[in-house]
Each structure stands twice: as structure tokens, then as C-alpha cells.
Trainee: 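Okay, handing you the structure first.
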Amino acid sequence: MPAGPVKSVHGTFSIPSLDGIRAVAVLIVFVSHGLTAPSAWPGDVGVTIFFFLSGYLITTLLRREYDKNGRLALGKFYVRRLLRIQPPALIAIAITVTVGALGILPSTMNGWGITAEVFNYTNYFMVWSYATTGSAHTGLPPESSMLWSLAVEEHFYLLFPALMIILLWRKLSYRQIGWILVAACVLAPMWRIYLALNGAGFYRLYTSTDTRFDGILAGAAMALLANPALGDGIPFGASDRSIRYVAAPLATMIGCAAALAPRTFGLTISDSVIYLCLVPIFWFVVIHPEGVFGRILNNRWVTHLGLLSFSIYLLHRVVIALVALFVPVAPAVDLTSLIITIGIAQLMYLGVERPLAKLRRRLETRITARKSTPDPVR
């Protein structure tokens, strides 16, 4: 039977193995930005997993809310996202701006680049910057370009819930909406191929929302069509045993698609292959948290690393660059940077993320209570 949602130790809704998957994704990204990563290291896989996971989790939460209340509260959703994402992101931006302003790291940052990061259009700023200056990093605070992926996710958070409300208002079922998202995922690589054939460069294909949205929509489609956390059956009549047998080979295929693909294939088709592989992998690790991989992903140290993954992602590049100023050996730089980054992320979690999570829950409780209170008789 599908594994139902569980309560985490902090009392919030969670799904087995997802925090562990976050930990794997952020470590893949960390290694790719370190000084000892092999040239074929599939760093993009980490970002791709984050996209897929975000679409899956957010849509699962929206689906639960609609099933429970018969409606989606758009304002509540935006408050949750704002308090979850913006404070840690703004702190990370402030750190990189300070490091650049003090001259500790080389910097070409300007007001336009800082504004792009604050208002979540770093990805398109990088495209513009590369086209005008020859460097996608010109104008940005030092070691902060990874915020392009946060911009992609923020654009999804801004538009997708409203789209869900419209489609549900039009009486479309989850399955109908899910297949619409699948169709959009099919169109995405066709759009990337068209752009590539017409001379689009690396950053236009790699960082733009309109070329990377299918990763998030693929996760959203899974949440609507075949969601193991909400009791959906295995798609296409597949058996649980077949999912078990194909999960590991598909994980290997993901690495090959990212690491061995030629540049053009990697920027156009490769991500679509990865998203297809992630569907049965997610299904397997959610359904079987008791299995070998499930036990690893749900180990308390691994899941805690997953809880810290957002802050680790935001801070790891600037920490690596700063540590490299003082440590001469590349492996020691990476190891020291990992320890320091996890330590700072833990402080961010205790001092910022966890208190804001409590604030979010209080605000949601007040909003719900206010809406459920009947109007007084006049």
C-alpha cells in the first residue's frame, strides 16, 4: 500500500524520504562547485532534482488543501512562501554584498545586479548580462549566481497556484490538469531545441524560466496523476516490484544523461530524460521508506541535512571562495567549506527558519479562524 503522509518531528506535514532527497541534491550541487569535482560530475542533477521536488511537494500541499477545504487560499500560500524563502535569501544576499563591498572577494556587482537578486529575476539578468558584457556574472554580488534557480522557483510559486485555482474553478479534475502539465513538459524540450537551432546561448537555455519550467511542472504532474503520498495507484498498471527493479538503473541513467551528454543534448533533451527517470525513483523511495535506500534517506542525520539544504544552497559558494583564500589544498578547502557551511546553515535554521515556521503556522491559524468565524447578527 502507498505510504501515507507522516508528521515530522516538528509537527508539520512531510512525506517519507523527501528531506533525504534534498540532502542528496544539495550535496551534488556542493561537490560540483567545489575545487576537486571531476569535470564529468553531474552538478546540474542536483538543481534538476530540486525543481522536480518543489513541483511535487507544492502541488501535493495544494491538493491536500483543496481536498480538505474545497478551495485554495492564494493569500495564505503567498505568505507561506514569502516567510519560508525570502528571509534566508535576503540574508545570503546581504552576506555576498558585504563581502564584495569590502573587497574580500573580487566583485563587479552593481545596483542592477543586487536588485535582480532581491526581486528574483537573477536568471534573466544573467542572460542579459552575458549578451551585453560577455559575462553572466557581471553586476551580481560575488559567488551568488546560483540564485538563478531560486528565481525559476519563485516564478513558479507566483503563477502556478493561480493557474490551479482557475483550472479547478473550470471544474477540471486533477487528472485533466495533470495531463495538461504533461503536455507542457513535452513542449518544453521542443522550445529549447528551437532556441538552440536559432543560436541561443548557454545561459538562455540553462537559466531561463521559460526553458526550465518543465522540471517543476513534471513534479507537479506526478503530484496530480500518481501521488504515492496521497494514495494514488501506480500509473500504467505497473507493479510495485517493477518499480523496485527499475529505480536503481534509472538513477544510473540520470547520472549518464547529465555527465556524458554533449552540450547541445544536455541543454535541450537531457533534463527531460532526467524528469522521466525521477518519477519511478520518487515513487519507490516514498512508498518504501523501510527499504535500503529509504532507510538511508530517512536517517535522522540525512533528513536534518535536508532541512538545512536551502541555506546550504544559498551560502555554499561564498563559503568555498572565502575558505580558498586561507586553505591552500583543494580537498581541504572543500571539506572545510562543507563543515562551515553546514554550521552556518544550522544557525540559520535555528535563528531564522524555525522561528519563521512557527510564525507561519500562527498566521495561518489566525487567518483560518477569522474566516471560519460567522458574521455577527446585525
Side-chain angles (χ1 to χ4, degrees), residues 15 17-30 32-33 42-62 81 84-85 89 120-124 126-127 145-161 163-164 178 181-182 184-189 191-192 202-227 250-251 253-255 257-258 261 266-283 285-286 306 309-310 312-314 316:
I15 301 171
S17 306
L18 291 199
D19 283 331
I21 292 174
R22 285 192 183 93
V24 172
V26 80
L27 288 176
I28 291 173
V29 173
F30 187 97
S32 73
H33 291 149
D44 176 53
V45 170
V47 176
T48 301
I49 293 172
F50 275 128
F51 283 161
F52 187 93
L53 189 150
S54 293
Y56 172 73
L57 181 58
I58 290 301
T59 309
T60 298
L61 295 175
L62 291 174
R81 291 297 92 197
R84 170 70 181 92
I85 293 174
N120 295 302
Y121 59 93
T122 307
N123 55 343
Y124 286 111
M126 291 174 67
V127 175
S145 59
M146 71 286 167
L147 287 172
W148 73 265
S149 63
L150 181 61
V152 174
E153 293 200 16
E154 287 288 76
H155 299 163
F156 167 78
Y157 297 144
L158 181 65
L159 299 175
F160 183 73
L163 174 64
M164 281 285 291
L181 300 184
V182 170
C185 292
V186 172
L187 292 175
W191 174 237
R192 291 194 290 265
F202 173 83
Y203 291 100
R204 178 67 182 92
L205 293 171
Y206 185 73
T207 69
S208 301
T209 301
D210 61 293
T211 58
R212 296 301 297 265
F213 70 89
D214 54 326
I216 306 179
L217 291 189
M222 179 179 177
L224 294 172
L225 294 172
N227 195 331
L250 288 178
M253 187 183 298
I254 287 175
L267 292 174
T268 53
I269 303 297
S270 178
D271 279 347
S272 297
V273 174
I274 293 172
Y275 304 141
L276 287 173
C277 294
L278 285 175
V279 173
I281 291 173
F282 265 62
W283 181 282
V285 298
V286 170
S309 61
F310 184 47
I312 292 173
Y313 185 78
L314 291 172
H316 73 281

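What you are looking at is a predicted structure, and each value in this text was computed from that prediction instead of being measured.
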Trainee: Say you draw a straight line from CZ of F213 to CZ of F156; how long is it, rounded to the nearest 0.5 Å?
Mentor: 12.0 Å
Trainee: Are M222 and W283 packed together at the side-chain level, in the sense that at least one heavy-atom pair is separated by less than 4.5 angstrom?
Mentor: yes
Trainee: Which class fits the ring pair H316 and F30: parallel under 30°, tilted 30 to 60°, perpendicular over 60°?
Mentor: tilted
Trainee: Indicate yes or no: at least one non-hydrogen side-chain atom of R212 is less than 4.5 angstrom from one of T48.
Mentor: yes
Trainee: Look at the rings of F50 and Y313 and say which category their plane angle falls in: under 30° parallel, 30 to 60° tilted, over 60° perpendicular.
Mentor: perpendicular
Trainee: Could you go step by step and tell me if I254 and I281 meet the side-chain contact (heavy atoms from CB on, under 4.5 Å) rule?
Mentor: CA-CA 11 Å; I254 287 175; I281 291 173; 3.7 Å; yes
Trainee: Taking R192 first and then D214, would you say they form a salt bridge - that is, a charged N and a carboxylate O separated by under 4.0 Å?
Mentor: yes
Trainee: With heavy-atom distances below 4.5 Å as the criterion, would you say the side chains of I216 and Y157 are in contact?
Mentor: no
Trainee: How close do T59 and A223 get, counting heavy atoms only, and between which atoms?
Mentor: CB-CB, 3.7 Å
Trainee: Check the pair M164 / L224 against side-chain contact (heavy atoms from CB on, under 4.5 Å), numbers first and verdict last.
Mentor: CA-CA 11 Å; M164 281 285 291; L224 294 172; 4.2 Å; yes
Trainee: Considering residues at least two apart in sequence or located in another chain, which fulfil the side chain to side chain contact (heavy atoms under 4.5 Å, CB included) criterion with L276?
Mentor: none
Trainee: What's the separation between atom CG in L53 and atom CG in L278, rounded to the nearest 0.5 Å?
Mentor: 9.5 Å
Trainee: Would you name the heavy atoms of M126 and S145 that are closest together and state the gap between them?
Mentor: SD-O, 3.7 Å
Trainee: Quick one, T211 with T268, criterion side-chain contact (heavy atoms from CB on, under 4.5 Å). Give me CA distance, side-chain angles, the key distance, then yes/no.
Mentor: CA-CA 9 Å; T211 58; T268 53; over 6 Å; no
Trainee: I need the L217 CG to F51 CZ distance, nearest 0.5 Å.
Mentor: 11.5 Å
Trainee: What heavy-atom pair brings V29 and V47 nearest, and what distance separates the two atoms?
Mentor: CG2-N, 3.8 Å
Trainee: Answer yes or no: is there a side-chain heavy-atom contact under 4.5 Å between F160 and L181?
Mentor: yes
Trainee: Find out whether L150 and N123 are in side-chain contact, i.e. whether some heavy atom of one side chain is under 4.5 Å from a heavy atom of the other.
Mentor: no
Trainee: Is there side-chain contact between F282 and I15, with at least one heavy-atom pair below 4.5 Å?
Mentor: no
Trainee: Taking the side chain from S309 and the backbone from V26, do they hold a donor-acceptor pair closer than 3.5 Å?
Mentor: no
Trainee: Looking only at side-chain N and O atoms, does D271 offer a donor or acceptor that is under 3.5 Å from a partner on Y206?
Mentor: no
Trainee: Of all heavy-atom pairs between S208 and V127, which one has the smallest distance, and what is that distance?
Mentor: OG-CG2, 3.7 Å
Trainee: Just verifying a value: how many Å separate S32 OG and L27 CG, rounded to the nearest 0.5 Å?
Mentor: 11.0 Å
Trainee: Evaluate the side-chain proximity of T209 to Y121: yes if any heavy-atom separation is below 4.5 Å, no if none is.
Mentor: no
Trainee: Measure across G178 and A221 and return the closest heavy-atom pair with its distance rounded to 0.1 Å.
Mentor: O-CB, 3.8 Å
Trainee: Between N120 and A151, which heavy-atom pair has the shortest distance, and what is it?
Mentor: O-CB, 3.5 Å
Trainee: Using a 4.5 Å cut-off on heavy atoms from C-beta on, say whether the side chain of L57 contacts that of R22.
Mentor: yes
